[in-house]
Number of protein chains: 2
Amino acid sequence: MQEIELTHLECSDCPIRHRAVCARCDTQELDQLEEMKYYRTFEAGQTIAWTGDKLDFVATMVSGIATLSQTLEDGRTQMVGLLLPSDFMGRPGREMASYDVTATTDVVMCCFRRRPFEDLMRNTPHIAQRLLEMTLDELDAAREWMLLLGRKTAREKIASLLAIIARRNASINLGRAGGRMEFDLPLTREAMADYLGLTLETVSRQVSALKREGVIELAGKRHVSVPDFDRLMLETGDDTDGGIPV
Amino acid sequence: MQEIELTHLECSDCPIRHRAVCARCDTQELDQLEEMKYYRTFEAGQTIAWTGDKLDFVATMVSGIATLSQTLEDGRTQMVGLLLPSDFMGRPGREMASYDVTATTDVVMCCFRRRPFEDLMRNTPHIAQRLLEMTLDELDAAREWMLLLGRKTAREKIASLLAIIARRNASINLGRAGGRMEFDLPLTREAMADYLGLTLETVSRQVSALKREGVIELAGKRHVSVPDFDRLMLETGDDTDGGIPV
DNA sequence: AGGGAACCTTGATCTCAATCAAGGATGGCG
DNA sequence: CGCCATCCTTGATTGAGATCAAGGTTCCCT
């Protein structure tokens, strides 16, 4: 995840410091983006789009958590993406949503209508290049995730998910520490299960096991404290310091 | 997978008719690409790059099959990408390979040295836009694959893989038929297992089962004939006509 | 405070795929 | 032709996680 220097505004009032679409653009382009942007909010649990719906905007996550998921005929579902603040959503050049998009907490998005955004993209090479970088990052994350889904044990999956959220939180809040980390789990046990290709019972059992062994501490069901991040990383099965760039 | 009209050359002697990087470029850009391109061949089984290796080119697959894979500390491996003719490999803006890349058959690639390619990309917006499209397609494929890895049964996984290869072959050879389809499996049972997050024994058993039940026919171990593609699709668990755009 | 819904935990049992094990087919090469 | 290596198949057994089931917690609403 590389640092982007912002040459100008920071997308004005969006609290976005990196991975923002508008980074690198010159004033004029930023003005155009400013002009076409608008905010939308969604409540926790609300569906932002169903697969196949017409989706006439692209957007950057400002706050909250949303998920992308896919479903088989008989209802089995798999989460295929996690949208955290500063992530980009939507696909220039495609009319329909390819996934179910759901807000798991209250969500604010900074949206751009798709057509004008596409036009702007055609005229300003920076944007396509920036989107390409971001999409390649997402692809890397998806592929790490495939390794998780295909080859990790339940315990490793849980540890990996906790490590991802901890690291992602830390990089926003503190800069990563090797030591203690705390965060709120933004997902229900069921959502975690859908993320990891498990059942919610297995998630619950493995979380309990990690707690019992002191790898994590829980305050309530959702607030997690990791006394030693390196200890947690040992449980992920990853090469030391691999890490998923979500 | 949309059709690209080629306005000019077809990357001269590369047998690439769609998804080629050089499609849509004007003559001058094509000339520049022509100038910097070169071919490389790899033998079946040869490793093209190890994770972390310096990789100073990007490339388009001309012929053959290659795989991208990732490995955990203890050796468990998961294939995360399959490179078929016309697929793009490599990442502008990144020095190191992020995956192990292996030729599973003899492979010919049309390569471009990374630096000049990046320069060209900066100057010709078409290319970044085209790469963005291709990367978004890859991301879709990766996400379908995640659904497969996380939620499908062994039998569904095998059926899905066969369907992907059959469809992909058909779109190159014949245009897709609803009826009979034939192709050579470009992967060993072990490679299929690494693709699907299974063991090679399970792959073998499920292939045998599909054969026993007449869903597929085998001539030798590698030549597959699908008497009724729709019947095969029923076994994938997918929504009718979903389909993975590899 | 009481009722109910959503969410979570834990136990018992079952099942699908992994693992362990043996042997068969294929093909290259002396 | 026979040897060897690689790849594949099949059988027996095990085990991790799914499924089925019951009850606990938390928190909102009246």
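Below, chain A is the first sequence line, B the second, and so on; all start at residue 1.
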I'd like to know if [X] reaches the base of [N] with its side chain, counting only an N/O donor and acceptor under 3.5 Å.
X        : N      : result
A:Arg155 : D:dG17 : no
A:Arg76  : D:dT19 : no
B:Arg189 : D:dT10 : no
A:Glu201 : D:dC20 : yes

Parallel, tilted or perpendicular, as decided by the 30° and 60° cut-offs, for the rings of B:Tyr38 and B:Phe57: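 Ring orientation, 0 to 90° scale: perpendicular.
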[atom1] of [X] versus [atom2] of [N]: gap in Å, rounded?
X        : N      : atom1 : atom2 : value
B:Leu210 : D:dT10 : CG    : C1'   : 16 Å
B:Leu200 : C:dA25 : CG    : P     : 18 Å
A:Arg151 : D:dA16 : CZ    : P     : 16 Å
B:Lys211 : C:dA25 : NZ    : C1'   : 12 Å
B:Lys152 : C:dA17 : NZ    : C1'   : 18 Å
B:Arg222 : D:dC7  : CZ    : P     : 8 Å
A:Leu149 : D:dA16 : CG    : P     : 20 Å
A:Lys221 : C:dC7  : NZ    : P     : 12 Å

First encountered from the 5' end of DNA chain D, between A:Gly220 and A:Thr199: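 First, find each residue's nearest nucleotide; the 5'-ward one identifies A:Thr199.
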Contact nearer the 5' end of DNA chain D, comparing B:Thr202 with A:Gly197: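 In this pair, the answer is B:Thr202.
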Non-hydrogen atoms of A:Thr199 and A:Ala193 that approach each other most closely: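 Looking at all heavy atoms of both residues, the closest pair is C-CB, 3.5 Å.
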Out of D:dT10, C:dT10, C:dC8, whichever nucleotide has its closest atom nearest the side chain of A:Ser208: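 The closest nucleotide is C:dT10.
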Flag for A:Ser98-A:Arg91: side-chain donor and acceptor within less than 3.5 Å: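 Side chains of A:Arg91 and A:Ser98: no pair found under 3.5 Å.
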Distance in Å, A:Lys37 NZ paired with A:Thr60 OG1, rounded so as to fall on 0.5 Å steps: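 Result: 10.0 Å between the selected atoms.
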Cation-aromatic face contact A:Arg143/B:Tyr99, 6.0 Å, 45 degrees: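 Yes - A:Arg143 lies over the ring of B:Tyr99, closer than 6.0 Å to its centre and within 45° of its axis.
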Looking across every strand, which nucleic acid part, if any, lies under 4.0 Å from [X] by heavy atom: base, sugar-phosphate, or nothing?
X        : result
B:Ser204 : base
B:Leu198 : sugar-phosphate
B:Gly45  : nothing

